[in-house]
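Right, one structure below, let's go through it.
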Number of protein chains: 4
Amino acid sequence: MGRFVRDGGTEEHSPVRPVYQRIAADLRAQISAGVLAPGATLPSERDLCERYGCVRFTVRQALAALEADDLVGPVQGKGRFVTSRRP
Amino acid sequence: MGRFVRDGGTEEHSPVRPVYQRIAADLRAQISAGVLAPGATLPSERDLCERYGCVRFTVRQALAALEADDLVGPVQGKGRFVTSRRP
Amino acid sequence: MGRFVRDGGTEEHSPVRPVYQRIAADLRAQISAGVLAPGATLPSERDLCERYGCVRFTVRQALAALEADDLVGPVQGKGRFVTSRRP
Amino acid sequence: MGRFVRDGGTEEHSPVRPVYQRIAADLRAQISAGVLAPGATLPSERDLCERYGCVRFTVRQALAALEADDLVGPVQGKGRFVTSRRP
DNA sequence: GTGGTCTAGACCACC
DNA sequence: GTGGTCTAGACCACA
C-alpha cells in the first residue's frame, strides 16, 4: 500500500500539469459547455477542495486564473458567480 | 595525518568519496537500523543541508539515490517518508 | 509584553489594509521613484519576507499584483526583474 | 451548585442563558483554573463549534467577550492565545 | 455559511 | 541559490 504517487494514475511519468491548472481547465470547460451558465453560482471553495482532493490554496489558484479571464467573479460572503457578459 | 587510506578521523569530509554518497549511506544506515522507521518523515532538505553542511543540490543527490532504491518517497508539500513496503 | 497587535503601531483601530497591499504599494513606489530601475532585479521573495516580516505567501500576493500591472516579471531560477518597457 | 438557577442535569443547553455566555463562562473557568494557562493556544473556532455544538457566529460572540476582558487575543493565521499579563 | 488574508512550513523545476 | 506548486491549518469581514 501507500506509495508516493500524487494522482494515483497508471501512467509512468506524465508532464505533471499543476493541479490548479487542471482544476481551472475543468471549470473552464463546464462554463463553456453551459453546465455553469452565466449568473450561476460556483461550488464553494471548500466544496471544490473536496471534489478535487486538494487544499483551499490550490483551488484559489485555479479560481484566480478564471477571474483573470473575467469568467467568474467573487462576492464577499456569498460566493462566486459565472460572469454574465461575454467579451 | 593520512597514510594510504584517508577515511580520516576528524576532518569534515573525505576528498574521495562524494559527499552525497556519504549522506546517502548515513541515511541508509539510519533506515536499516530503524532509527528512521517505515512511514517516518525524513528531515527536510534544508535541515539536511545544515546537518551535513552542504548545499541543497548535494542533499538532493543523496535523496535521489534513496528514491532510486525505493527506500524513501516524496509527498508534495509534506516531506519525504520512509517507504513502508520492503522489496 | 506580548500583546496581540499585528503592526505594532500606536493607532487605536486602523482600517487595517492587508499586509500584501502595503508591500505592493511600497515596491510600486520604489519602482516609480527609480530606486528599482527598469531591468533591475528585485530582492528575492525570501529577502522580502525578512524585510517585511511576513511569510512567502504574503509576499507573493504583493508580487502578483505588480505582475498583473506588468511592472515586474519572474524568470525561473533567476529572480524577478523590473519590466523595461513602460506602457 | 444550582440552587435557584436551573442548570439542568442532562439537557444540552438551557433556554435562558445565551449559549455564547455559557461558552464564555466555560472558557473563563478554564483560564482561571489554569487549564488554559497564559500563552496557551485556545481551540480553533471550528473546534469550539464542534465541542459546543453551535455555529461559528455563536463561538465568536463568546470569544469577543473574552477579548473584551483582555483574557485572550487573536493572531492572524495562528490562533487565539491566553493573554500573558494580568490587568 | 461565503470569500479574504495569513502562518509556517514542505517539495519541485531550473539555474 | 531562484521562483513555482502545495499542504494544513488559522483568523477576518461580510451576509
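A note on names: the letters A, B, ... follow the listed sequences, proteins ahead of strands, and every chain is numbered from 1.
In this structure, A:Y20 is not a member of the same hydrophobic cluster as A:L42, with clusters built from ILVMFWY side-chain heavy atoms closer than 4.5 Å.
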Show your working on side-chain contact (heavy atoms from CB on, under 4.5 Å) between D:V72 and D:L27 and close with a plain yes or no.
-> CA-CA 10 Å; D:V72 304; D:L27 293 174; over 6 Å; no
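As a whole-Å value, the separation of C:L63 CG from F:dG3 P is 8 Å. Per the geometry, CG belonging to B:L66 stands 13 Å off P belonging to E:dC11, to the nearest Å. One atom, CZ of A:R22, and another, C1' of F:dC6, lie 14 Å apart when rounded to the nearest Å. Atom CZ in B:R80 sits about 14 Å away from atom C1' in F:dC6, given to the nearest Å. Rounded to a whole Å, the CD atom of D:Q61 is 16 Å from the P atom of F:dA13.
Not one side-chain nitrogen or oxygen of B:Q76 sits closer than 4.0 Å to the OP1 or OP2 atom of E:dA10. C:R17 has no side-chain polar atom (N or O) that falls below the 4.0 Å cut-off from OP1 or OP2 of F:dA13. For the OP1/OP2 pair of F:dC6 and a distance below 4.0 Å, the side-chain nitrogens and oxygens of A:Y20 include no atom meeting the criterion.
Of the residues near DNA chain E, D:K78 and B:E67, the one whose nearest nucleotide (by heavy atom distance) lies more toward the 5' end is D:K78. Nucleotides of DNA chain E nearest to B:G79 and C:Q21 differ in position, and the one nearer the 5' end is that of C:Q21.
Closest to the side chain of A:P18, out of F:dT5, F:dG4, E:dC6, is F:dT5.
Evaluation of the ring-ring contact (aromatic ring centres under 6.0 Å, His included) rule for A:F81 yields no partner, not counting sequence neighbours. For A:E67, the side chain to side chain donor-acceptor pair (under 3.5 Å) partners at least two apart in sequence or on another chain are A:R80.
Consecutive Watson-Crick or G-U pairing (both distances under 3.5 Å) extending over three or more pairs maps onto DNA chain F as E:1-14 with F:1-14.
Residues of residues 44-60 of chain B having a heavy atom closer than 4.0 Å to DNA chain E, listed by number: B:S44, B:E45, B:R56, B:R60.
Pairing each heavy atom of A:A24 with each of A:A62, the nearest pair is N-CB, 3.7 Å.
From A:R17, atom CZ reaches atom CD1 of A:I23 across 11.0 Å, with rounding to the nearest 0.5 Å.
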Atom pairs and distances, donor-acceptor, side-chain atoms in residues 30-39 of chain B, under 3.5 Å, two or more places apart:
from  : atom 1 : to    : atom 2 : distance (Å)
B:S32 : OG     : B:R28 : O      : 3.2

Please report, to 0.1 Å, the donor-acceptor pairs under 3.5 Å made by any side chain of residues 46-57 of chain C, with sequence neighbours excluded.
from  : atom 1 : to    : atom 2 : distance (Å)
C:Y52 : OH     : C:D26 : OD2    : 2.4
C:R56 : NE     : C:E45 : OE1    : 2.7
C:R56 : NH2    : C:E45 : OE1    : 3.0

